Amino acid sequence: MDVTEIFSLVLAVLFPALIGQALILFLLPSQRLPTALVVSLAYGLGLGMINQLILFFDFVHIPLAPRAIFVTIICSSGILYSRVKYRQKQGAVPKRPLQLPIVRDDIPNVLRQPFIWILTAYIAFQLFYVFFLSLNLPVYSLDGIYFIARKAKVFFYDGSLEQLKFFDWASYPMHSTISMLWVALNMGEWNEYAVKIVFPLTFCAFLVMSYYFLRIHAGVRLALTGVALTAASNLLTYHATIEYSDLSLLYYMCGALILVMFWHRTQDNGYLILASLFAGLGTFTKLEGFSYLLILIAVVLAVALYSRGWSFAVLKSFMIFSAPAMAIYLHFFFYKIIKGVPIIGRLMYDFSAANLTRAGAIFTAIINELFFSNNWNLVWFLLIVTLLQPHRRILRFENLLLAAVIVCVLMFYTVLSFFTSNYMWLAGEQKFISLSRVLMPLYPIAVWLIVLLNAGADDRKDRVF
Amino acid sequence: MNMPRINIRILVYSCIFLSALFVVLNLYLPEHVSRMVVLKLVARDFYRPNHNEFPQAGIDGTDVHTVWYTLVISASLALFIAGMITKNFVPFRICLQRFVVVGCFWLVLFSLYGQTLFLRDICLNMVSVPRGERYGLIFKGAYRYALFSKLSLPQGKRFNGKFISDFDPVQTIQPYIIAYYLYPKVSLFLDQREDDCLIVFQKINARDFVPPGYRIWDVLDDKNLIAIKEY
């Protein structure tokens, strides 16, 4: 790549971060967050918003010219920034910004610990691995060639999304596709290597986000251990190098969960709106994103009920969370209707009692996947062992919430396997194709739960780490 | 240096775990087989990248995870019993937790070894090759055909292609590799416009499948050719 191409590539990454940061600043003017956390949230948020913008441009027949997108991004970011400045001048924003309460480490001079350096070196190696592989191998994965990258290439050369309806999997959400298209539009050419930059960056942003979430709840040492465990998943790191949408779904859904937890801690509705945007953008990554959105709505209701009891505030929280997410979901939904694209995939329901005989196969598949596959190290077993700790720690609200999300998602896929044609992909003959990937967003949640349970350990000997 | 307790703990438990592993290997393997070679092979087998899942690896036909769980549980039991005998009681769940962490640590090392081998393979076979030629190494025949078509077809003109092959497009990725690579020159499996180009790929007696009204434009071999519509 020459200098111009590198510059275009940097712009392709900086613009999402710019609009994302403006949005975060606008929604959370009174929150002082660590810069790295803001950037990691801003990157995904901005990229998702640009995707929605590109979809909207195509919807209203504006040609996909980078200049039009740049102008829109710069103008909207400028408006958001100036609005924040204006509110600050008016005194609407407190002079001393609020801050998330951060757990201080009980170990003095944490950076002198060799354990910390080993963990940091391991995480650095994983980051090097994903960036090196993704930037040195062209688009080559099965789904990438079949539809994800192929759609992006066609849209790039056509200058519109007009041919979407002719693709197999036309109804499939297009976050990864449009992200690759965005990079190509910036570069002015379809570069087989550069368009993949979005995947390792998503992985990197996710690790940073995880780190701060854990850092806030458990301190530096446990946070780094959690991030290292997250990066220890073979499947997760490999997905950061290929053109699949599973990692993006994981990023948005886990991001939304983190932001809901922040909202629970601070009661600042800005976090709730951000969480909603993340959950909405998650519905644009994969079809099952909508199911995750429903689970997240249940989480928000649980948090609201826990912190405010039965009151109008619960309904208000529900509305604040549901509205932006549903707006993003409906944006693509109506786009598909207007453009004559099939609305949903090939899902066939069958509620006959005979399907209950699938129970054995379904549970065996899930147990095999969680405990005997090479995807997740021994993390699921570690979680079970950690749950053997005294009950008072497990019964903490945040831990219960994470455990409930894991149970809900597992139940969702179990029900899906029982009563739909997806049985074949989840527990039937073709389970090797989908099961590992659909359970991927649960993996970081399991790691967080392990870390949070250990963070709550009163006695050092009770700690796993 | 003031070593934190956790590091010493991991070291001690790792030693116990490793000893247990070698006991298991001794039980399983004949004497003439090197234990280190077996471990290296398992580590290599442990990291086989696949976009859907990482397949299970095995030691002498037994899945690595089963071996690991056996080791973790038996080592924990041993520590628990030793604690009882020496009156230095450690609850079983604590023993189990510590050995699971050690088990995780060893699997991380396995993955790291596999990752470095994979990186080495990529460096040797891919990075040393110019970027434009890497597709050829990955997709071989399909890419060779796509490149041939791209170079043969007249410049500055776009075609709407029809795919003819003995491959079933639903069952294999080959047709989509060609479709991906040939775009925008040839549009395959997309819009409903009338076809003006035939992409005949891996079809026995390819020439026999060119219908009247089409002219054979270029031939790669007797199974692969391109034909375009005559006006």
Side-chain angles (χ1 to χ4, degrees), chain A residues 107 113-115 122 125-126 129 132-133 136-143 145-147 149-150 153-154 157-158 163 166-168 192-193 228-229 232 234-235 237-239 241-242 244 369 371-375 377-379 381-382 385-386 388-389 432-437 460-462 464-465, chain B residues 1-7 10 46-57 63-66 68-69 72 90 92-94 96-98 100-101 103-104 107-108 111-112 114-116 118-119 122-123 126-127 131 134-135 138-139 170 173 176-177 179-181 183-184 187 189-192:
Chain A
I107 308 164
Q113 297 279 323
F115 184 59
Y122 176 70
F125 173 79
Q126 294 298 345
Y129 177 81
F132 182 84
L133 273 193
N136 277 292
L137 291 174
V139 172
Y140 76 100
S141 71
L142 195 76
D143 281 6
I145 291 284
Y146 185 41
F147 66 99
R150 194 159 68 92
K153 191 174 182 181
V154 169
Y157 282 109
D158 290 3
Q163 297 218 55
F166 300 120
F167 277 92
D168 292 343
E192 303 286 351
Y193 300 85
L229 262 185
N234 290 337
L235 192 68
T237 44
Y238 186 61
H239 266 254
T241 70
I242 55 173
Y244 272 58
E369 175 54 40
F371 298 102
F372 292 94
S373 79
N374 267 356
N375 303 322
N377 202 304
L378 294 183
V379 160
F381 188 59
L382 184 58
V385 171
T386 312
L388 295 174
Q389 288 187 32
F432 65 91
I433 291 178
S434 296
L435 189 60
S436 304
R437 290 193 287 123
R460 277 184 66 87
K461 79 172 183 192
D462 273 1
V464 177
F465 307 108
Chain B
M1 189 168 50
N2 181 22
M3 282 283 278
R5 245 174 81 193
I6 185 92
N7 292 1
I10 286 182
F46 190 75
Y47 195 85
R48 281 179 290 157
N50 181 290
H51 45 263
N52 290 325
E53 62 169 5
F54 277 63
Q56 290 181 338
D63 162 47
V64 167
H65 280 74
T66 311
W68 244 237
Y69 289 132
V72 165
V90 186
F92 181 67
R93 74 181 162 81
I94 304 282
L96 199 58
Q97 278 177 356
R98 290 173 186 175
V100 177
V101 171
C104 271
L107 286 189
V108 165
S111 289
L112 267 179
Q115 280 178 311
T116 44
F118 186 61
L119 272 183
I122 294 291
C123 285
M126 285 283 168
V127 180
R131 289 195 155 200
R134 289 181 200 170
Y135 259 123
I138 301 171
F139 294 127
V170 181
I173 191 69
Y176 293 96
I177 295 166
Y180 176 83
Y181 193 75
Y183 202 84
S187 172
F189 309 118
L190 284 175
D191 55 24
Q192 312 293 313

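Everything numeric in this text was worked out from a predicted model, so none of it was measured. Lettering of chains follows the sequences in order, A, B, ..., and the numbering in each one begins at 1. Because only heavy atoms are used, hydrogens play no part in the values below, and waters and symmetry mates are left out as well, while side chains stay in.
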### Task
Show your reasoning for whether side-chain contact (heavy atoms from CB on, under 4.5 Å) applies to A:Leu378 and B:His65.
CA-CA 8 Å; A:Leu378 294 183; B:His65 280 74; 3.7 Å; yes
Just so I know, are the side chains of [X] and [Y] near enough to count as touching, which here means a heavy-atom distance under 4.5 Å?
X: A:Phe372; Y: B:Gln56; value: yes
X: B:Val72; Y: A:Phe381; value: yes
X: B:Cys104; Y: A:Leu382; value: yes
X: B:Glu53; Y: A:Leu435; value: no
X: B:Thr66; Y: A:Phe371; value: no
X: A:Leu133; Y: B:Leu119; value: yes
X: B:Arg93; Y: A:Val385; value: no
X: B:Gln97; Y: A:Leu388; value: no

#### Entry: chain B contact via A:Thr241 - side chain, backbone, both or neither, heavy atoms under 4.5 Å
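Answer is neither: A:Thr241 stays 4.5 Å or more from chain B.
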### Task
Please flag which part of A:Ala149 lies under 4.5 Å from any non-hydrogen atom of chain B: side chain, backbone, both or neither.
both
### Query
So which of B:Tyr181, B:Phe118, B:Phe189, B:Phe46 has the largest heavy-atom pair count under 4.5 angstrom toward chain A?
B:Phe46
### Query
Which of the residues B:Arg134, B:Gln115, B:Met126 is involved in the greatest number of heavy-atom pairs with chain A at under 4.5 angstrom?
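Among B:Arg134, B:Gln115, B:Met126, the one with the most close pairs to chain A is B:Gln115.
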[X], part contacting chain A, at a heavy-atom distance under 4.5 Å:
X: B:Ile122; answer: side chain
X: B:Leu190; answer: both
X: B:Val90; answer: neither

#### Entry: Between B:Tyr180 and A:Glu192, a side-chain donor and acceptor under 3.5 Å
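Note: B:Tyr180 and A:Glu192 side chains meet the donor-acceptor criterion.
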### Query
Rounded to the nearest 0.5 Å, how far does CG of B:Asn50 lie from CD1 of A:Ile433?
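Reported value, rounded in 0.5 Å steps: 10.0 Å.
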### Close aromatic pair by centroid cut-off 6.0 Å: A:Tyr140 and B:Tyr135
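Centroid distance A:Tyr140-B:Tyr135: not below 6.0 Å, so no.
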### Query
Do you know which two heavy atoms are closest between A:Arg437 and B:His51, and how far apart they sit?
CD-O, 3.4 Å
### Query
Is the backbone of B:Phe54 close enough, under 3.5 Å, to the side chain of A:Asn374 for a donor and an acceptor to pair up by distance?
no
### Task
Using ring-ring contact (aromatic ring centres under 6.0 Å, His included) as the criterion, list what pairs up with A:Phe125, not counting sequence neighbours.
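With neighbours one apart ignored, the set is empty.
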#### Entry: ring-ring contact (aromatic ring centres under 6.0 Å, His included) against A:Tyr129, all qualifying residues, sequence neighbours excluded
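Applying ring-ring contact (aromatic ring centres under 6.0 Å, His included) to A:Tyr129 gives none.
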### Message
Taking the six-membered ring of A:Tyr193 as reference, does the cationic atom of B:Arg131 (NZ for Lys, CZ for Arg) lie under 6.0 Å from its centre and within 45° of its axis?
### Response
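Satisfied, under 6.0 Å and within 45°.
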